[in-house]
Amino acid sequence: MIDNQEFMVEAYPRELTQNPLRKIWMPCKNGHIVHRRVCMTNCPTLIVTVGLPARGKTYISKKLTRYLNWIGVPTKEFNVGQYRRECLKIYKSFEFFRPDNEEGLKIRRQCALSALNDVRQYLSVEGGQVAVFDATNTTRDRRKTIIMFAEQNGYRVFFVESVCEDPEVIAQNIVQVKLGNPDYIDCNSDEAIKDFMKRIKCYESSYQPLDEVLDRDLSYIKIMDVGRRYLVNRVVDHVQSRIVYYLMNIHITPRSIYLCRHGESDLNIKGRIGGDSGLSDRGKEFAKRLRNFLQEQNIKNLKVWTSQMKRTIQTAEILGVSYEQWKSLNEIDAGVCEEMMYEEIQERYPLEFALRDQDKYRYRYPKGESYEDLVQRLEPVIMELERQENVLVICHQAVLRCLLAYFLDKTADELPYLKCPLHTVLKLTPVAYGNTQTFDLTAFSPCDPQLSQEAPS
Amino acid sequence: MLPYLHLQNSNYHLNDLCTYYDASSECCFPFHYVCCELWPWQMAKDKPSVLLSYVSMLRTPKSGSGVLHRMELPQLEHARLRRHDSAASVPQFCNSPTMIVMVGLPARGKTYISKKLTRYLNWIGVPTKMFNVGQYRREAVKIYKNFEFFKPDNEEAMKIRKACAAAALKDVALYFTKEQGQVAVFDATNTTRERRAIILSFAMEMGYKVFFVESICDDPEIIAENIKQVKFGSPDYADRDIDEAMEDFIQRIDCYRASYMPIDDEKDRKLSYIKIFDVGSRYLVNRVQDHIQSRIVYYLMNIHVTPRSIYLSRHGESELNLLGRIGGDTGLSPRGQKYASALATFIKGQKISDLKVWTSHMKRTVQTAEALGVQYEQWKALNEIDAGVCEELTYEEIQENFPEEFALRDQDKYRYRYPKGESYEDLVHRLEPVIMELERQENVLVICHQAVMRCLLAYFLDKPADELPYLRCPLHTVLKLTPIAYGCKVESFFLNIEAVNTHRERPMNVNVSRKTEEALQTVPDHI
C-alpha cells in the first residue's frame, strides 16, 4: 500500500505521472514526483519478548524479524544479551544473574537502557518501523519501564510471551542453542547445562508472567507449549494482526524444504523469458533424475507444489506423485517483454532495460510485475510453507529467488541476483546455530553439469 | 455437431483431468478454464480419453474435424484420488471435512459469527453450510410460547431439542457425503459437555475434524444490544412487544446459565478450539490442526462489530470505457472527471468520521481519488481483472479474433481465465487480503473496477460464484454498505453524471459454434 501526503492548500485534482521504474501513478508538482512513504502502520511498533531463558524468545525474534523484513516492513532486533556480553566481556557463571547480585543488576539495567536507546535511534531516526526487543523482561517493573519509554516516543508496544514447562523441550533448547553460545565457549557440555539450569532458576523466583487481569489493557500474545495454545489480547492494528497470524503458523518440528525450478523448457533453450512452454528433452531428463533423487532421500510424507505453468506441472507429472498447483507460484509476469530475448528487449525497450538494472527489485515490467509484487503474491505460499512439514516446491527463477531470500534472510538488493540455476535442487533444513535458525543449504544437481542455454538474468 | 458430455455431477473439474499426461503426444494441457459439454450419458470417469480429445480440439480451434481420437491416460487413476476438486488459483488444503461447532449462551453472537464465517469460507471457495439448530426447533415446535420451553427440567422439550440436534447432525453428514461440502458450521448453544461429547463422537465415527468456537461475554450492554438487534426480529417474538420479548429472552438465557459448562482449558486441552472473549478483545486458541482452521482463526480475530460503512465505487468513466474497450490503463474522460468531483462532494456530504480511501494502481482510480483532496492508499490487489491477450479489445474484436474463448467465457464466466490473464476466481484470491483488511477497518471508500467491485460485493452480499460475474456495478454509482443484524444494508447513489453502460449480460447461446450476432447480442453500446 502506498500513502500520499495530504495537500490541503494545493489545487486538486493534481496531475498524475507514472514513475518510470515502478510504474506507479503519482501526483507530481511542477514535474517533480511527490515523495511518498510506504507504510503499514502509522506509528512504529515495539515488539517485546517475555519469558524465562531457553523458551525460544530469540528464535522467535529472529524469525519474526526475517519475515517482517521480507514482506517489506523494516524491522530490526535488539538482543539485550548481546549488549551484556559486550559490557561484561567475560562470562564467569550463573552467579551474575542472581537476584541479589547488585552489581549484576546494575549492569543488566544499563544494558537494557542502552538497547532501548538504540531502538529509539532505529525507529525515530533511521526510519525503522518495527523493533524487536529481545530479553527476558520477566518482571512487571521492567515491562513498565519499557511501556513508559514507548509512550514517550510514540511507539505501540506488543508483547510476545513464551511460556513452556515441558522439561524435554527446554533441555532440547539448551543443548541446541546455549551450548554453542559465546558464554559457554570454554565449558564442557555438562558444566554448561548445569550452569544454565541454575541461571534459569535465578529468574524463576521473580518471574511475573503477563496476567489476564492485571495486564488486560496491554496488547500481547502468550505462546504456550511451543504453539499448542495461544492467548491473544487486544490486537490493535494491521501489523500486530499479521504478527499474530505468523506466530500462530510457525512450528519447530524438524523437516526439510526442497526448492527447484522446472526442468529446462523450450523457451529456455531459445533464450527467451517468460511464456508457457513445455519441457525440452533435457528438462524431461531432469525430472526423471529428480524422481530418483527424491526416492533416495526417502522423505516422509512429502508434499509437492507447482505453479500453474506447463513446465512445472510437467516436471511434477514425471515424479508420479500427487501435487498441488498454486497460481501464486507462477513466474514473474514480464508484461510486454514476455517471450522476448534480452537482446530484443535491449533493442525495443532500451530505457526499460536500463531502469531494470538500476533497481531490479522494484522495477516493474510495463504491464507486468516487479520482484516486489512477487513477494507480496508469494506471502500466502510462505505462510503455508511454515505450516507444512516436508515440501518440494517446483517453481521458476524469480519465484525461487524470492522464496530463497525469505529463508536465507537476503535483502531486497541481493534478492534479484541470487543464483538459482536450472536442474539444481536446494534442500533447506532448519538448523539452530547459536540462536539463529539458518538453513543448511545443499545443492543437488541430479543431472550431469551440462549447462543449459538459458541466458543469465 | 460435436458430441457432448455433461460434467455437472462429476467429482472433478475438467481442469484436473486435463493437466494430466497425454502419453501419445507427451504433453500437458495448461489450463485456462473449465466447462465443456460432452455426451450426457458418458461420465468423464468412464471415458476420460474422449474428454481429452475434445479438449485438444478446443485448444487448437482450426483442427475441428469432429473426429474424436482415443488417447491413453495411464495416470488418470491416481488423478481421481487427488484431494482437491478445483483448479482454483490456491490449493484448497481440505482433506477431511471439518465441523465448526459454536458454543455459548444465547445472545453471544454465535449465529452472527456462524453466518459471517460461512459467507467468508464460501467466498474464498471452501464449500460451507450453516446448520442452525434453532431453525430445526422452530420447524418441530411450530409455535413458540415462552421461555418455559427451555427450562432444564422440561423433559418433553428436552426430548425435542435433542431430536433437533440429531436431525441437524444427520443433515451435516448428508451435506458432506452427498453435496461435497467441506465445512459445516453447527450453530447451537452446545453449552454442556454432554452435548459436545455427542458431537465429538459423531464426528470421530464419520471421520470429520472438529473445531469449537466459543463466545464468552458478560457485558450486559453488549448482550442487551444483541437482543435488540436480532432477537426482536426473530420468528419466536413476531407478535410480542419489545419489553415482553426482552423479559422472556433474559429468562431464556437464565435457563441455560445453570448448566453452562464452558470449554475447560485443562480437561479439554486435546480439543481444537478458539474462545472469543468480550467481542474480540481477547482470544484463546488451542491446537489448531490444519490450514483451514488457521484461516478461520485469522478471520475471526480480524472481524469486529463496531458500526461503520463501506463505500464501493468504480473509477470515473475512462477513455477506453467510451470506446467500449476492456482493460488497459487510461485516464478519465471529461464525464469521468465530473464524476470524481461529484464523488468528492458526495463524500463530504456524508460527513464520515475518519474515512480511509483505497484505490488500485491504475491511473483511472488514482485520478478519481485525487479529486477528493484527501490521503489515499494504492493497492495493486485492487487492479482490474487482467484480460491477457484480450486487453484493450472491444467485445466485437474478441468475437472476431477469439470466438471460442468468447463462448467459453459465457459458459462459465466465474472460472473462465483469459489466455495469459486471470479469471474471476483468481481475482477473489487476489482480493482476499483486501477483504481481511476491510474487516479490520472501519469507514472505508474503495475506488476500484467493475470485476473487482463485483467480487467485493459478492462477499458482502453473500452472492454465489455463478451470480458474481453478473452483479450490476454501473459507473458513476456509489454503493454504501452498512452491516446490520446478520447481513448488510445496501444503498445505491447514482451521482447524476451520465456514463456508458459496461454491463454485458449472458447471451442466450453460449455454444462454441454460435453465430457472431448471437455472441454479440448483449454487448452494450459504445462509440
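Everything numeric in this text was worked out from a predicted model, so none of it was measured. Chain letters run A, B, ... following the sequence lines, proteins first and then strands; every chain starts at 1.
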Measure the acute angle between the ring planes of A:Trp305 and A:Trp326, then classify it against the limits of 30° and 60° as parallel, tilted or perpendicular. tilted
For [X], is it the side chain, the backbone, both, or neither that has a heavy atom closer than 4.5 Å to a heavy atom of chain B?
| X | answer |
| --- | --- |
| A:Asn249 | side chain |
| A:Arg311 | neither |
| A:Asp225 | neither |
| A:Met383 | neither |
| A:Lys222 | neither |
| A:Val381 | neither |
| A:Arg387 | side chain |

Residue part contacting chain A, namely of [X], when any heavy atom lies under 4.5 Å:
| X | answer |
| --- | --- |
| B:Tyr299 | neither |
| B:Asn286 | both |
| B:Gln289 | backbone |
| B:Arg287 | both |
| B:Lys363 | both |

Which atom of [X] lies closest to which atom of [Y], heavy atoms considered:
| X | Y | result |
| --- | --- | --- |
| B:Val288 | B:Ser294 | CG1-N, 3.6 Å |
| A:Arg377 | A:Asn330 | NH1-O, 2.8 Å |
| B:Asp426 | B:Gly421 | OD2-O, 4.5 Å |
| B:Leu320 | B:Gly327 | CD1-O, 3.4 Å |

What I want to find out is whether B:Glu422 reaches B:Arg430 closely enough, with some N-O distance under 4.0 Å, to be called a salt bridge. yes
Are the charged groups of B:Lys420 and A:Glu339 less than 4.0 angstrom apart, N to O? yes
Does the B:Asp264 side chain pair with the main chain of B:Lys267, one donor and one acceptor, at a distance under 3.5 Å? yes
Strictly by modelled atom types, are A:Lys23 and A:Gln18 linked by a side-chain donor-acceptor pair under 3.5 Å? no
Ignoring hydrogens and angles, state whether a donor on the side chain of A:Glu372 or A:Gln376 is under 3.5 Å from an acceptor on the partner side chain. no
Do other residues, nucleotides or ligands put more than 12 heavy atoms under 6.0 Å from A:Asp281 CG? no
Best-contacting candidate, A:Met248, A:Met224, A:Arg229, against chain B by heavy atom pairs under 4.5 angstrom: A:Arg229
Can you tell me which of A:Val235, A:Ile221, A:Asp333, A:Asp373 forms the most heavy-atom pairs within a distance under 4.5 Å of chain B? A:Asp373
With side chain to side chain contact (heavy atoms under 4.5 Å, CB included) as the test, pick out the partner of A:His396 among A:Thr312, A:Ile332, A:Leu374, A:Leu329. A:Thr312
Only heavy atoms, only distances under 4.5 angstrom. Which residues in residues 209-218 of chain A are near chain B? A:Glu212
Sorted by chain and residue number, the side chain to side chain contact (heavy atoms under 4.5 Å, CB included) partners of B:Thr359 (sequence neighbours excluded) come out as B:Thr365, B:Val366, B:Ala369, B:Tyr376, B:Gln378, B:Ile447
